[in-house]
Amino acid sequence: MEKLLALYQSWRGESPLKIDSLPGAGSNRSYYRITGTDGRTVIGVVGTSRDENHAFIYLTHHFNTRMLPVPEILAVSDDEVRYLQTDLGSTSLFDALRGGREAGGRYTQKERQLLVETIRELPNVQMRGARGLDWSQCYPQPEFNVESVLFDLNYFKYCFLKATELDFHELKLEANFRMFAKDLTAEPSESFLYRDFQARNVMLDADGHPHFIDYQGGRKGPYYYDLASFLWQASAKYPAKLRRELIYEYYESLKNYTEVPTVRHFAYRLGLFVLFRTLQVLGAYGFRGYFERKKHFLDSIPAAMDNLRELLKLRHMYPYPYLMDMLQRLTELPRFTRIDSVATTRSDGYKTSPVNVYPAHPQDGPATFSRYDGRGPLVVRVFSFSYRKGIPEDESGNGGGYVFDCRSTHNPGRYEPYKKLTGLDEPVIRFLEDDGEILTFLDSVYKLADAHVHRYLQRGFTSLMFSFGCTGGQHRSVYSAQHLAEHIHDKFGIEVHVCHREQGIHQTFAAKAQTTEAAD
């Protein structure tokens with residue numbers, strides 16, 4: 001601390017007014033906010049690795065010459081263990097997105113715009129930042145290569161996989177690792193690989209624009225890595241639709257800096273790096289959680305395992321059969337299964353179990369029979385309405401399906417700023433999501449709807465209707481209907497019509513190609 005103060009005094013010519021310790025990051029560096037007598041603040045950094053500090057200082061100077069949105073280095077000690085940099089404020093992108101994460105991945109328009117601006121700026125750093133960069137200055141190595149890939153894959157094997165005590169054939173797994181590493185490094189790259197590109201390492205300035213920090217582990221490498229690292233961050237809970245939008249924004253921005261591959265090739269390469277990044281993250285969580293016993297990393301494992309389960313639905317994309325089989329068995333271990341699949345004891349003393357004691361036999365036929373079986377395809381209609389004007393009629397003749405009453409949830413229509421808005425407007429969305437009652441309400445609705453849609457798809461039914469009512473058919477019912485329609489379309493890929501009756505708004509989500517759910 002004394003040497004850091006001496007560096008500040010040498011740079012500023014006076015002692016600071018105060019110095020405050022800042023929360024630590026993932027590395028061993030210590031950060032301090034130093035306030036001068038004029039109120040101006042800078043960030044003081046004390047590191048334990050001279051080489052790591054040197055890499056950050058060199059990269060920061062280089063990025064500043066390229067006019068990139070990074071801090072400036074103001075002063076550096078002779079041994080490069082301590083340095084001062086400009087203060088980018090206290091709000092990270094991670095902080096700004098807290099509402100969306102806590103809402104289970106339902107990000108508002110403002111939050112989505114922050115993500116779009118950030119993801120469109122990433123190619124600027126990757127491509128323009130690489131021009132004229134001396135790669136030998138990077139730490140701990142200058143380039144993403146087969147050796148670095150194998151290091152991370154073995155990190156996953158020894159720090160996570162072996163800790164689970166899952167049986168696996170080490171030589172077969174190693175052979176797939178080598179194939180995987182060869183594929184990941186198959187294409188030459190001239191871009192800067194940030195390596196630790198995540199929302200915590202993006203700071204928002206006073207105008208809300210993104211600036212980048214903590215790139216000291218960067219090196220020459222493929223740009224797919226950073227996109228995968230950011231969008232598949234386990235705790236972010238980005239919904240699939242939002243991920244697709246952000247991938248599109250990145251792809252379009254990348255065109256401004258380099259020639260891009262075809263969309264098909266881009267998607268395939270990105271998929272490889274998503275799998276790699278997922279295994280790398282699990283390795284880190286295993287080391288920090290299982291060995292260092294840090295609760296945050298242990299708590300993060302379920303979300304990372306959910307990411308892995310989603311990837312395994314596309315296992316045909318990955319030509320590594322033994323690795324895929326081993327990962328499938330990994331997700332099925334009891335410690336990683338959902339809590340609702342574990343046997344429990346009821347209050348009346350009877351024990352319930354997820355095991356089907358009497359499995360169905362092919363000769364038994366289907367559980368139910370109907371003249372509508374097998375017709376398909378299923379079309380779902382979702383309505384919002386005002387109870388004052390009656391429940392929507394079902395023109396299909398099937399009786400109307402589900403009707404949900406939203407009036408138990410907090411009503412934004414009671415407050416003047418929201419009276420002229422609807423449940424499609426960002427201020428109303430934020431009000432409802434911050435309040436949280438509507439999210440709990442919809443969580444139960446989703447469970448009912450998912451089970452019903454899944455069964456209707458199995459039986460080949462053609463029509464299903466959901467309706468949401470509230471006092472005026474303007475706020476809560478509109479929000480609920482829109483979100484259920486998007487949820488069903490995203491999950492099942494079927495045709496969905498949404499009608500906000502009192503607002504005169506109609507929207508159709510067209511059916512996608514045949515989905516896994518429909519084929520089950």
Side-chain angles (χ1 to χ4, degrees), residues 22-31 46-53 55 94 139-141 144 146-174 176-178 180-181 184 194-201 214 216-219 225 228-230 232-237 273-309 311-312 322-339 342:
L22 300 179
S27 71
N28 293 323
R29 293 184 304 280
S30 300
Y31 295 88
V46 180
T48 57
S49 170
R50 182 264 178 194
D51 291 337
E52 186 177 61
N53 283 3
F94 184 81
Y139 172 85
Q141 61 188 66
F144 180 85
V146 169
E147 287 73 20
S148 65
V149 172
L150 290 175
F151 177 88
D152 284 330
L153 291 176
N154 282 303
Y155 188 52
F156 160 74
K157 179 174 71 174
Y158 289 114
C159 294
F160 187 85
L161 185 58
K162 282 186 174 289
T164 67
E165 299 182 355
L166 178 74
D167 289 330
F168 64 92
H169 194 295
E170 196 141 1
L171 291 180
K172 290 182 179 180
L173 182 60
E174 182 67 22
N176 274 199
F177 276 177
R178 291 190 175 278
F180 194 16
L184 288 170
Y194 197 119
R195 187 167 170 80
D196 197 18
F197 187 65
Q198 57 169 301
R200 294 182 189 274
N201 291 338
D214 280 5
Q216 59 277 349
R219 63 200 65 174
Y225 182 106
S229 176
F230 187 82
W232 273 264
Q233 183 181 353
S235 62
K237 302 178 182 177
F273 280 90
V274 171
L275 176 60
F276 174 60
R277 180 60 178 169
T278 301
L279 300 185
Q280 185 187 51
V281 165
L282 284 171
Y285 289 172
F287 178 73
R288 299 288 189 181
Y290 294 143
F291 295 97
E292 294 187 343
R293 308 306 302 172
K294 293 183 177 179
K295 185 177 184 299
H296 166 72
F297 293 98
L298 288 171
D299 291 344
S300 300
I301 289 174
M305 293 299 293
D306 283 344
N307 278 350
L308 182 58
R309 288 187 181 90
L311 289 176
L312 288 173
Y322 186 78
L323 173 61
M324 292 296 102
D325 289 341
M326 184 276 297
L327 293 177
Q328 184 67 52
R329 289 190 294 117
L330 178 66
T331 63
E332 294 167 356
L333 288 177
R335 69 167 67 182
F336 299 130
T337 54
R338 299 285 187 179
I339 191 168
V342 178

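Counting begins at 1 with the first residue of the sequence. Note that these values count all heavy atoms, side chains included, but never hydrogens, waters or copies made by symmetry.
- A donor-acceptor contact closer than 3.5 angstrom is absent between the side chains of N176 and E174.
- With hydrogens and angles disregarded, no donor-acceptor distance shorter than 3.5 Å links the side chain of Y139 to the backbone of R50.
- Side-chain atoms of T331 and R309 form no donor-acceptor pair, as typed in the model, at a separation below 3.5 Å.
- Between A234 and A303, the closest heavy-atom pair is O-CB, 3.6 Å.
- Taking all atoms of both residues into account, the shortest heavy-atom contact from Q141 to S148 is NE2-CB, 3.2 Å.
- Both tests do not hold together for R219 against F144: distance to the six-membered ring centre under 6.0 Å, angle to the ring axis within 45°.
- Taking the centre and axis of the six-membered ring of Y155, the NZ or CZ atom of R288 falls outside the cone set by 45° and 6.0 Å.
- The closest donor-acceptor contact from the side chain of S229 to the backbone of F197 lies under 3.5 Å.
- For the atom pair CZ (F156) and OG1 (T278), the distance works out to 10.0 Å, reported to the nearest 0.5 Å.
- Other residues, nucleotides and ligands contribute at most 12 non-hydrogen atoms within 6.0 Å of the NZ atom of K172.
- The CG atom of L282 sits 10.0 Å away from the CG atom of L161 when rounded to the nearest 0.5 Å.
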- Show your reasoning for whether ring-ring contact (aromatic ring centres under 6.0 Å, His included) applies to F160 and F336. CA-CA 13 Å; F160 187 85; F336 299 130; 5.8 Å; yes
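- With respect to D214 and R195, no salt bridge is recorded, no charged nitrogen being found less than 4.0 Å from a carboxylate O.
- Taking all atoms of both residues into account, the shortest heavy-atom contact from L173 to Y322 is N-CD2, 3.7 Å.
- Using a 4.5 Å heavy-atom cutoff, the side chains of L275 and F180 are in contact.
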inquiry  = Determine whether K162 and F168 satisfy the following criterion, side-chain contact (heavy atoms from CB on, under 4.5 Å), listing intermediate values before the conclusion.
reply    = CA-CA 9 Å; K162 282 186 174 289; F168 64 92; 4.2 Å; yes
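- The number of heavy-atom neighbours closer than 6.0 Å to CZ of F291, taken from other residues, nucleotides and ligands shown, is above 12.
- Atom CG of residue L330 and atom CD of residue E332 lie 9.5 Å apart, to the nearest 0.5 angstrom.
- Nearest heavy atom pair, residue Y194 against residue N201, reads OH-O, 3.5 Å.
- For the atom pair CG of L312 and CE of M324, the computed distance is 6.0 Å after rounding to the nearest 0.5 Å.
- The closest donor-acceptor contact from the side chain of N154 to the backbone of L150 lies under 3.5 Å.
- For the side-chain contact (heavy atoms from CB on, under 4.5 Å) criterion with F177, the lone passing option out of D152, V149, L323 is L323.
- Of all heavy-atom pairs spanning R293 and L298, the tightest one is NH2-CD1, 4.0 Å.
- Judged purely by atom type and a 3.5 angstrom limit, N307 uses its side chain to pair as donor or acceptor with the backbone of W232.
- Put simply, NE2 on H169 and CG on D325 are 13.5 Å apart, with the number rounded to the nearest 0.5 Å.
- To the nearest 0.5 angstrom, F287 atom CZ is 10.5 Å from F297 atom CZ.
- Between Y225 and Q280, the side chains place a donor N or O and an acceptor N or O closer than 3.5 Å (distance only, hydrogens not considered).
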- Message: Before you tell me yes or no, could you show the steps for E165 and R335 under salt bridge (Lys or Arg N to Asp or Glu O under 4.0 Å), namely the whole-Å CA-CA distance, both residues' side-chain angles and the distance that decides it to 0.1 Å?
- Response: CA-CA 11 Å; E165 299 182 355; R335 69 167 67 182; 5.7 Å; no
